[in-house]
Number of protein chains: 2
Amino acid sequence: MRITNVFSQISKESMEKILPCFKPYWKEYSHGETILTYGTSAPSQVEILESGKARLEILNEDGDVFLIEHLEAGDVFGEPFSLPLEKFVYTVTAEEDCRVLFMNYNHIIKPCANLCEHHSQIISNLFIMAAQKSQGLALHISLLHQSTIRNKVLSYLSYASTVCKKNADGYFTIPMSLVALAEYLSVDRSAMMREIKAMKAEGLIDGNKREFKVFESEFIGH
Amino acid sequence: MRITNVFSQISKESMEKILPCFKPYWKEYSHGETILTYGTSAPSQVEILESGKARLEILNEDGDVFLIEHLEAGDVFGEPFSLPLEKFVYTVTAEEDCRVLFMNYNHIIKPCANLCEHHSQIISNLFIMAAQKSQGLALHISLLHQSTIRNKVLSYLSYASTVCKKNADGYFTIPMSLVALAEYLSVDRSAMMREIKAMKAEGLIDGNKREFKVFESEFIGH
DNA sequence: GCTTTGTTGTTGCATAAGCAACAAAAACGC
DNA sequence: GCGTTTTTGTTGCTTATGCAACAACAAAGC
């Protein structure tokens, strides 16, 4: 159900009419490269990650780096989505080889002089992608709000168990390393490992390395 | 620069053509009322808060309530923006008397049979509002990622100082109670008060109650 | 007016979790 | 192949912060 291509539903013939209008261009980045730093890109651009994985990080004034977002195919990013704050620097870095689409933001928000017929389809796709982005951010906030490491990890695993492919025994593999998970949940990795170990001992979860299984907790209530 | 009205740039005549198309309707809520709970509203609706203030909260399985978002005039919300997770209940509650616009989401994502000329303007406005929403969520995540209460509060105040009206002496009043701020930053209120007190003693900030002034920190570096 | 509710402010105590430091295994680069 | 880097896994110590419990004050309701 997830849209990953802003030009979906648009025929090749229409594409040729649209291209001069939205002035899209593509660029490839290899692992480790900086795709953009907020403030340096044209503020009237939106970027779409078409393939690969990237990460949006902030650097605060103390020099601490925090992982804000994992970006995957179909994710939109750019200044219109992250207000550059004083004292914070936002950076998007490629975690794999990436293909990025740059699009003119002004054209999206102003009516099209050519009234190209698929203008509204593209904007609609962009709207959906922006909504998808909000879903990801809202999920992240819900996890960060959990007060204990245990609840953060359990909430994440409970979410992951609905998204990841499970094998016959109910085990699934999370899509990031435990180092990255600790960053994402904003907890100390060693403390998280300790908590995972404890939860395994208590029979709440099972697994090893990135593979997990969540045992449905007994009904706790009235 | 912030858009708060999805029908901005649209003339009254056009509005009359559009109305049967997007099937918008409005509803008023008074302080304390529940506007919607995710899962109960039609998943193909988007809601826009036109006036008043509201809060989006989650309730986890332990019964803890967390403030995810403050909603103000111009904020979009609804299921398309917050995936309802298992074990989490999302609720939007009016904090003041509110006026809410409900709009058909299916119409936004499908091409308009009538090809109404302002269709794309409305979608474009919605896109901008969705992007604005992402900005707010990204800010919230940046704050939650700060590892100490001190950094959370300082980062928030530093942001607030760029947004709130300052008086001649550089003091500004934050737009929520300290109770709400502690919820928003996901910290214990008493611990936050302790930290605010300490920062005042150290000369980093000044003020009382909701009024603050941030002293620019000396250059710390190389 | 009075009562109730919410906000600000404070402190003592217990502990969850950060930090530092390490080792083994796996993955990667060449 | 082999060296380097990353990931997983572990533990001891320390402290930031959550929790509980309180009091004074302000605001809201009647």
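Labels below follow one simple rule: chain letters A, B, ... track the order of the sequence lines, proteins then strands, and each chain is numbered from 1.
- Straight-line distance from the CE atom of A:Met193 to the P atom of C:dA17: 16 Å, rounded to whole Å.
- With rounding to the nearest 0.5 angstrom, the OH atom of B:Tyr90 is 15.0 Å from the CZ atom of B:Phe77.
- Between A:Arg194 and D:dT11, a side-chain N or O to OP1/OP2 separation shorter than 4.0 Å is absent.
- For C:dT8, neither phosphate oxygen OP1 nor OP2 lies less than 4.0 angstrom from any side-chain nitrogen or oxygen of B:Arg189.
- If you measure from atom CZ of B:Phe212 to atom C1' of C:dG9, you get 12 Å, rounded to the nearest angstrom.
- The closest donor-acceptor contact from the side chain of B:Asp169 to the backbone of B:Tyr171 lies at 3.5 Å or more, if one exists at all.
- Between atom CG of residue B:Leu49 and atom CG of residue B:Leu56 there is a gap of 11.5 Å, rounded to the nearest 0.5 Å.
- In this structure, the CD1 atom of B:Ile149 is 16 Å from the P atom of C:dA16, given to the nearest Å.
- Atom NE2 in B:His140 sits 9.0 Å away from atom CD in B:Glu69 (nearest 0.5 Å).
- Donor-acceptor pairing under 3.5 Å, judged by distance alone, is present between the side chain of B:Ser190 and the base of D:dA20.
- Atom pair A:Met192:CE and C:dA16:C1' shows a separation of 16 Å (rounding to whole Å applied).
- With a 4.5 Å cut-off on side-chain heavy atoms, A:Ser158 and A:Val214 do not count as touching.
- Side chain of A:Asn208, nearest nucleotide from D:dT10, D:dT7, D:dG9: D:dG9.
- Here the CD1 atom belonging to A:Ile141 is positioned 9.5 Å from the CD1 atom belonging to B:Ile58, to the nearest 0.5 angstrom.
- Side chain of B:Asp97 to backbone of B:Ser30: no donor-acceptor contact under 3.5 angstrom is found.
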Find every protein N or O atom lying less than 3.5 Å from an N or O atom of nucleotides 24-30 of chain D, and list the pairs.
none

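- Atom CG in B:Asp188 sits about 17 Å away from atom P in C:dC13, given to the nearest Å.
- For B:Leu178, counting side-chain heavy atoms from C-beta on, the closest listed nucleotide (C:dC19, C:dA16, C:dG9) is C:dG9.
- The CD1-P distance, from A:Ile196 to D:dT11, rounds to 15 Å in whole Å.
- The nearest whole Å value for the distance from the CD atom in B:Glu211 to the C1' atom in C:dG9 is 17 Å.
- At whole-Å resolution of the value, CD in A:Glu195 and P in C:dA16 are 8 Å apart.
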